[in-house]
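Right, one structure below, let's go through it.
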Amino acid sequence: MFNIDMEGINAEKTYDLIVLGGGPTAIGCAIYAARFAMDVLIIGKVFGGLIATTHVVENYPGITSTSGQGLMEMFKDHLNSLSIPYISDEIRSIERIDDHFVLHSFFQKFKAKSVVIATGSERKKLGIPGEEEFSGRGVSYCATCDGPFYKDKRVCVIGGSDSAAKEALFLSQNVKKVFIVYRGEEIRAEPINKKRVEDNEKIEIIYKTNITEIKGDNNVKSVIFDNGKEFEIDGVFIEVGSNPNSGLAKRIGVKTNEKDEIIINRKSETNVAGIFAAGDVADAPFKQAITGVAEGVIAAYSAFDYVKEINIEY
Amino acid sequence: MTISNVYKRMIQVEAKKLTNSVNLKIFTTSTNLQESVKMLEVMEIYKKATNGLIKTEEYRFETNSELAKKYNIQQAPAILLVNSEDDPIIRYLAVPSAAKIQPFVETLKVFTGAPNYYENAIKEKLDKINPSVIKLLITDYCAYCSTIISICSLFTLASEGKLQTDIIDIMTFPEIGEQYEVTTVPTLVINEDKIIVGNVNAEELLYEILNKSIRIKN
Ligand SMILES: Cc1cc2nc3c(=O)[nH]c(=O)nc-3n(C[C@H](O)[C@H](O)[C@H](O)COP(=O)(O)OP(=O)(O)OC[C@H]3O[C@@H](n4cnc5c(N)ncnc54)[C@H](O)[C@@H]3O)c2cc1C
């Protein structure tokens with residue numbers, strides 16, 4: 001959805017703020033930074049972030065119902081209206097040089113007086129035999145992307161979160177049968193989605209079960225449960241949570257908690273002056289697009305204050 | 001109207017970014033009439049939005065078989081971007097709507113002189129790049145596809161003819177999806193040999209076309 005638009009990008013200049021990430025948190029942050037008249041650049045690996053992979057968002061105030069991609073298209077429109085430059089690249093390291101930061105990608109170097117890290121999280125893998133081998137051949141981490149290839153097939157969704165329930169609901173539109181395989185005793189979906197799952201005849205929940213192996217030939221054919229049973233299936237959608245993308249921040253001394261989430265305060269400040277963090281990569285207990293946007297907006301305000309304070313050519 | 005007003009508006013906003021004129025060749029076919037009509041309609045929106053900066057030559061696949069052969073077009077509808085030697089460098093077997101709008105316009109912009117983010121990296125390694133045809137298999141509802149379309153297209157434009165990219169919508173051409181047994185998008189097929197499944201970033205693609213090993217991930 002978003003690209004390598006060189007217009008308005010200047011690798012020579014020192015931006016007031018570089019926002020890392022392409023999800024709702026980064027965009028919310030950049031919109032406010034632009035309105036604070038900061039010279040802001042967004043650098044994100046893939047525009048849209050995690051939310052763009054969901055088929056329906058019904059809890060973003062002001063928008064009764066839209067797809068995740070639809071929501072991000074509205075965000076993009078808003079970015080465009082403020083002419084905020086966006087570059088699609090992955091930042092590999094950040095170093096502090098005097099009173100500014102240099103951000104390195106494989107292709108380019110960028111300079112900024114302050115940085116907001118909104119790098120979100122990476123889908124967790126199950127780490128079981130067959131997962132890697134059948135990735136893209138029956139194992140998927142995105143129902144919206146790959147669900148349509150399983151028309152009239154039997155698939156399972158591994159996990160019991162609200163995301164897992166939503167993935168199952170989406171898949172049920174197309175497939176013959178969806179099995180939610182969950183290790184717990186009750187799925188943890190929002191009550192509204194839990195009820196939809198329970199009412200859906202195509203969805204069946206298999207509780208207190210883990211899968212230990214994915215088997216097949218060219219494509220996935222079955223999974224093995226921890227009770228030893230082999231279960232025939234055509235597709236395995238893995239939705240077992242995610243790990244924060246905080247490695248980059250850790251390498252410049254940003255503190256994280258035991259879950260590897262960046263520790264921030266109510267001003268979205270990290271322990272490193274000039275580096276702020278927000279959204280799924282940070283340590284809030286409840287993570288949604290709207291909470292990420294809110295933290296991102298606070299980060300923009302704090303970065304604005306910070307840059308004003310250090311007063312480097314500002 | 002075969003495309004939604006949302007995408008029509010997106011085209012109108014994006015296409016305004018084009019400042020120089022560009023010629024495209026379009027092949028249509030009566031065997032896929034619906035998609036052919038859709039492609040022509042969508043291209044009309046682009047043409048209007050750019051005040052004629054986008055020009056198209058239209059060919060019927062069935063009655064221009066020699067030309068189709070020359071450009072190695074086996075299926076239609078297709079849009080071709082050809083270089084000064086009249087070689088096709090980027091082919092869209094896909095209607096440039098939805099997630100393809102922005103990368104499509106960006107490709108045309110860079111083709112007509114706008115700076116290319118990957119220019120230096122590609123030029124530096126040009127002698128080590130293997131001549132490659134990249135087939136990029138995508139769909140409209142794939143959240144990651146837009147970025148990879150851009151990366152492949154911009155690599156191709158910087159490669160001085162060493163790379164060719166085909167962007168193929170496998171919902172329009174399901175037989176191509178079936179041929180490669182696609183169950184995940186994006187899927188990249190390089191020189192009919194390596195198949196890379198899932199979201200690949202620019203650095204990884206560069207390694208791949210340099211014939212180094214690649215970390216395949218989702
Ligand atoms: C299936 C599913 C359904 C969901 N449904 C909802 C819902 O209905 N409503 C809701 O509010 N939330 C929902 N969520 C949660 C929501 O998606 C996240 O809370 C939200 O996307 C977090 O936004 P973010 O910007 O902090 O992180 P992300 O969305 O993860 O974005 C992070 C971005 O950073 C980029 N990035 C990572 N590393 C780097 C780097 N080194 N350099 C540059 N860029 C980098 C990534 O490419 C990505 O673009 C859902 C999640 C899932 C998985």
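Only a predicted model underlies this, so the values are computations on that prediction, with no experimental measurement involved. Chain letters run A, B, ... following the sequence lines, proteins first and then strands; every chain starts at 1.
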Note, Asn201(B) side chain near Phe106(A) side chain (heavy atom, < 4.5 Å): no
Exceeds 12 heavy-atom contacts within 6.0 angstrom, atom NZ of Lys48(B): no
Close side-chain approach of Arg137(A) to Glu181(B), heavy-atom, < 4.5 Å: no
Heavy atoms of other groups near Glu192(B) CD, more than 12 under 6.0 Å: yes
More than 12 heavy atoms of other groups within 6.0 Å of Glu232(A) CD: no
Between OG on residue Ser146(B) and CE on residue Met72(A), distance to nearest 0.5 Å: 12.0 Å
Asn120(B) atom CG, over 12 foreign heavy atoms within 6.0 Å: no
Part of Ser67(A) lying under 4.5 Å from any heavy atom of chain B: neither
Identified side chain to side chain donor-acceptor pair (under 3.5 Å) partner of Asp146(A) from the options Thr183(B), Thr139(B), Thr184(B): Thr184(B)
Within 6.0 Å of NZ in Lys109(A), more than 12 heavy atoms from elsewhere: no
Distance, nearest 0.5 Å, that separates CD of Gln102(B) from CD of Glu73(A): 9.5 Å
Shortest non-hydrogen contact from Val197(B) toward Ser135(A): CG1-O, 4.3 Å
Atom NZ of Lys153(A) with >12 non-hydrogen neighbours under 6.0 angstrom: no
Spacing of NZ belonging to Lys45(A) relative to CG belonging to Asn199(B), to within rounding of 0.5 Å: 7.5 Å
Proximal component of Ile101(B), with respect to chain A [non-hydrogen, under 4.5 Å]: neither
Mutual orientation of the aromatic rings belonging to Tyr117(B) and Phe107(A) [parallel < 30°, tilted 30-60°, perpendicular > 60°]: tilted
Atom group of Tyr180(B) that falls short of 4.5 Å from chain A, counting heavy atoms: neither
Heavy-atom side-chain proximity of Tyr141(B) to Pro148(A) below 4.5 angstrom: yes
Crowding at NZ, Lys55(B) (>12 non-hydrogen neighbours, <6.0 Å): yes
Lys16(B) NZ to Asn80(A) CG distance, which is reported to the nearest 0.5 Å: 12.5 Å
Heavy atoms of other groups near Arg251(A) CZ, more than 12 under 6.0 Å: yes
Rounded distance [0.5 Å steps], OH in Tyr144(B) versus SG in Cys145(A): 5.5 Å
Point-to-point distance, once rounded to the nearest 0.5 Å, from CD of Glu204(B) to CD of Glu90(A): 7.5 Å
